[in-house]
Amino acid sequence: MDHLKIHHIGYLVKHIDKAAAAFKQLGYAAASESVWDSHRKIHILFMEKDGYRIELVSPADNSSVISGLIKKYKNSPYHICYETPDLDAALAALASTGFTAIDAPAPAPALQNRRVVFLMSPFLGMIELLENRLPG
Ligand code: NI
């Protein structure tokens, strides 16, 4: 799997505007506008510092897919996203080595509708795969 490249670290935050302001105090700059993902009911904002990219993820309400996660983990990093040229092949390869997909590949509005999928490992928790090309 040496073709996997780290794209971002996903960071759960309860208040996205206050979190963005705090990251700015640390020297991060916004790398996108805040995007509303209606499928997952989350607000997303990408920020960058020193070549590292983070993804602030904040639930809209208790019906969001991540509202349970934020109750458990509070404000915290919770996944590393890996970019791959072939999402289906990477998914199959990881599934054969103990990773379990927790949803089906779906377009990500905050990432040009490129497909993403989340997987769990019993040894390192959650990861995200991101397809390294535009849909269609
Ligand atoms: Ni992510």
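Ligands are counted one by one from 1 in listed order, and the atoms in each one are counted from 1 as well. Along the sequence shown, residues carry numbers from 1.
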Original post:
Would you find a donor on one side and an acceptor on the other, under 3.5 Å apart, between the side chain of Ser58 and the backbone of Val13?
Top reply: yes
**OP:** Could you count the protein N, O or S atoms found under 2.8 Å away from the Ni ion (ligand 1)?
**Re:** 4
Subject >> Main-chain N/O of Phe118 paired to Asp103 side chain as donor or acceptor, under 3.5 Å >> reply: yes
Original post:
So which pairs with a foot in residues 63-82 pass side-chain hydrogen bond (donor to acceptor under 3.5 Å, both in side chains), sequence neighbours left out?
Top reply: His8-His79, Lys41-Ser63, Glu55-His79, Asp61-Ser63, His79-Glu128
**OP:** Drop me the distance from Ile80's CD1 to Ile127's CD1, to the nearest 0.5 angstrom.
**Re:** 9.0 Å
**OP:** Using modelled atom types only, decide if a donor and an acceptor are shared between the side chain of Arg114 and the backbone of Glu131 within a distance under 3.5 Å.
**Re:** yes
Subject >> Presence of salt bridge, Glu83 and Lys5, under 4.0 angstrom >> reply: no
